[in-house]
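Everything on this sheet refers to the single structure shown next.
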Protein chains: 4
Amino acid sequence: MSEVAARTPARSGARRYTPGRVMSFSDAVFAIAITLLVLPLTDLDLDPERLAEQLRSATPQIVVFAVGFTVIGLYWLSHHAWFSRVRTVDDRLLKINLVVLACVAFLPFPTSVLGTHSGTAGTVFYAASVAFTGTAFALMWTYLGRNPELFEADSAAALRRHTLVGLVTPVVFAASIPIALVSADGGKLCWLL
Amino acid sequence: MSEVAARTPARSGARRYTPGRVMSFSDAVFAIAITLLVLPLTDLDLDPERLAEQLRSATPQIVVFAVGFTVIGLYWLSHHAWFSRVRTVDDRLLKINLVVLACVAFLPFPTSVLGTHSGTAGTVFYAASVAFTGTAFALMWTYLGRNPELFEADSAAALRRHTLVGLVTPVVFAASIPIALVSADGGKLCWLL
Amino acid sequence: MSEVAARTPARSGARRYTPGRVMSFSDAVFAIAITLLVLPLTDLDLDPERLAEQLRSATPQIVVFAVGFTVIGLYWLSHHAWFSRVRTVDDRLLKINLVVLACVAFLPFPTSVLGTHSGTAGTVFYAASVAFTGTAFALMWTYLGRNPELFEADSAAALRRHTLVGLVTPVVFAASIPIALVSADGGKLCWLL
Amino acid sequence: MSEVAARTPARSGARRYTPGRVMSFSDAVFAIAITLLVLPLTDLDLDPERLAEQLRSATPQIVVFAVGFTVIGLYWLSHHAWFSRVRTVDDRLLKINLVVLACVAFLPFPTSVLGTHSGTAGTVFYAASVAFTGTAFALMWTYLGRNPELFEADSAAALRRHTLVGLVTPVVFAASIPIALVSADGGKLCWLL
């Protein structure tokens, strides 16, 4: 597939874009991923005879919907807050942003797994996915911090602080993995930190 | 997850945004939630032998699609009408708006339950979800009303009236819950008020 | 639900909006509806043993995807061409536009039915849905034509012509219904007119 | 359906649009198609007893998600890079763009087939779909290159180069089809070129 990538830039590295369309595309991916979280609920096969009881037993899945929505929502807040200070977009930033979006678009899968299987494997898989997504974000902020021509000058120091603080998320979620191997609920408690 | 939230604002409380990207993200969530309402219909398992008959018996679900579309559509109208007067967005408004969007993104689930189970439990669940969503909206409008620096000055009084009138929806839907416990159709009649 | 509708306008009838956000919300609904057309294909249960053969037998459904995409795409072209000349949006236009969008968001259902059941009932249901959607569009263009303060002055005559020509679609699709009752394929041939 | 097409232009051929709304509609279709790639994963029926093992055996499907995301993402990059230099949009460009979007919206289907059936038929079907999409793109760039009044003058030569280089993708994917008929994995290796 490298030839598809190669043909995008006419004069490789020289291409610059305004961030508007990148942000609206990213917003759409975030919005779709966050709204798809409801599908495992919509797909539930409910028995009309015992509906009240079954809705009550769907509570864990509703909680997982809320958790998944919060995680993607907070990532959107972060993307929104910092991408709005990007002055210009180059090809590399476009590609790193696509990796970030791939992680976000993937999150409905581990969220749906966590909704139906809250044991160790489901917990580890979800934690690993969130940690991976956080790492992709940190990579993007690091790239922006190192390319001051792409970014609002007086926000560079704040972005570096944000990148460091933002690393806490993948570290916490990664750290929860060995704990979840011992106890799934212990791993989940870590996330509240 | 609190650390993800904490890292978003560089200087907490001082951050301000233009409402453009928040509105387009919100629009996308509304648009996706409203369009996902068709999925329970698309997923129907129809028997080719008795298709005409089965389409006729799908009428309640088509009505529920129309009801669900109307409810989300009216919430979008409300969001559209009042958010267009927001002058600037702070971090708290972003988060309240995310809660509102979580409610909206959740609505396809109770709508789909109501489509297949129009009895008491389905009716109560739908009414409770709409009432909850209306409360989140009222919370957002109240916050905006109390923060005149975020909102067009000469619309503040109109917004306060809108917030009060808007509370009628969650109150009516909440009031329909005890009625629906006695009679599902009685509860639904309340919504027409 | 009338109270939700009622509270949107502060001074009923006096509210005016710029068309920007209405267009982007409409675009999102069109884009989602048109992209959801692929779901019945994605949901096909294919047998790995006889995949080539099964893909070949999925041809009618791929054709229906193309037909459904063309219909929604042409409606989007119409919406795009004429809404771009709207100068200002009032509450009634917002609501008529929501009805139009409800029809568009509904189309994946009859399209999916047509994909699996190409007999009389599926054909009639699809034709009726397209005819209904076309009528909603005609209603919107008629409303715009009658409210010159909402619409670019020098395009009003062209819009009236467009409304009349546009009525051909629902009329043809409605006319194909009795024909489809006799012969499903005969009804479909009508659509090519 | 020709009458729907015919009525869109009031004075056929004379209609011109600004590219803004076309780009936002296209972005939405790309964003939805790329995010729908996760649905076959979300729909997996996982057995809680053997979850860890099953997640491991889902690796090919996760790889296919990454491949599918990369392909659609690179097409979006191409669309983004070159459509941003379009100065004005005519009716024919709108229609060619709709064909391109139909191909993109269709891609989740062959991607999902490839995820579950990585043998010859699935590989050929996916390669053919990507080749077809690349051809539609090449058609659009050729049309733009021949209509200099639609396109930034000083980018026309670069666009012609891009169109030629871009044809490499459909040619490679088309060439992989006979190879995949002999060996599915051999066909896939071609894509890496």
Side-chain angles (χ1 to χ4, degrees), chain A residues 20 23-24 26-32 34-44 46-48 50-55 58 61-62 65-67 69-71 73-78 80-84 130 134 155 157-159 161-169 171-172 191-193, chain B residues 1-11 15-18 20-37 39-40 43 89 91 94-95 97-99 101-113 115-125 128-129 181:
Chain A
M23 285 201 290
S24 74
S26 308
D27 278 352
V29 171
F30 274 98
I32 301 156
I34 215 171
T35 320
L36 291 184
L37 296 174
V38 81
L39 289 188
L41 289 168
T42 317
D43 287 350
L44 283 181
L46 299 170
D47 176 1
R50 301 161 41 239
L51 184 61
E53 189 189 319
Q54 289 196 317
L55 284 176
Q61 279 165 283
I62 295 175
F65 168 82
V67 169
F69 201 99
T70 308
V71 166
L74 293 173
Y75 277 128
W76 179 77
L77 285 181
S78 168
H80 171 80
W82 294 96
F83 227 89
S84 67
V130 174
S155 301
L159 177 65
R161 273 199 309 278
H162 174 69
T163 313
L164 276 178
V165 182
L167 275 172
V168 173
T169 316
V171 167
V172 164
W191 304 347
L192 296 175
L193 279 180
Chain B
M1 256 152 299
S2 52
E3 74 286 357
V4 191
R7 71 192 158 98
T8 303
R11 294 166 297 264
R15 274 291 186 82
R16 292 292 159 84
Y17 311 96
T18 51
R21 201 179 159 190
V22 184
M23 283 200 291
S24 74
F25 180 72
S26 307
D27 278 352
V29 170
F30 274 98
I32 301 155
I34 215 170
T35 320
L36 291 185
L37 296 174
L39 290 187
D43 287 350
V89 174
D91 278 308
L94 275 181
K95 281 171 198 163
N97 191 49
L98 271 182
V99 173
L101 295 179
C103 294
V104 169
F106 184 72
L107 284 178
F109 175 41
T111 309
S112 133
V113 169
T116 36
H117 314 286
S118 55
T120 291
T123 307
V124 167
F125 184 48
S129 304
L181 289 174

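Below, chains carry the letters A, B, ... as their sequence lines are ordered, and counting in each starts from 1.
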* I would like to know whether A:L44 and B:V113 meet side chain to side chain contact (heavy atoms under 4.5 Å, CB included); could you show each step before the answer? => CA-CA 9 Å; A:L44 283 181; B:V113 169; over 6 Å; no
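Minimum interatomic distance between A:M23 and B:R21 (heavy atoms only, all atoms of both residues): SD-NH1, 3.4 Å. Taking each heavy atom of B:A121 and A:L55 in turn, the nearest pair found is O-CD1, 4.3 Å. In plain terms, the two heavy atoms of A:F69 and B:L101 that are nearest each other are CZ-C, 3.6 Å.
Here the NZ-OG1 distance, from B:K95 to A:T70, works out to 11.5 Å after rounding to the nearest 0.5 Å. Here the CG atom belonging to A:D43 is positioned 8.0 Å from the CG atom belonging to B:L39, to the nearest 0.5 angstrom. Note that CD1 of A:I34 is 9.5 Å distant from CD1 of B:I32, once rounded to the nearest 0.5 Å. Rounded to the nearest 0.5 Å, atoms CG (B:L36) and OG1 (A:T35) are 7.0 Å apart.
Top candidate by heavy-atom pairs under 4.5 Å with chain A, chosen from B:A105, B:G20, B:S24, is B:A105.
Below 30°, between 30° and 60°, or above 60°: for A:F65 and B:F106 the angle between ring planes is between 30° and 60°, a tilted geometry.
With a 4.5 Å cut-off on non-hydrogen atoms, A:L41 touches chain B through its backbone and its side chain both.
Under the rule for a ring-ring contact (aromatic ring centres under 6.0 Å, His included), the partners of B:F125 that lie at least two apart in sequence or sit in another chain are B:F109.
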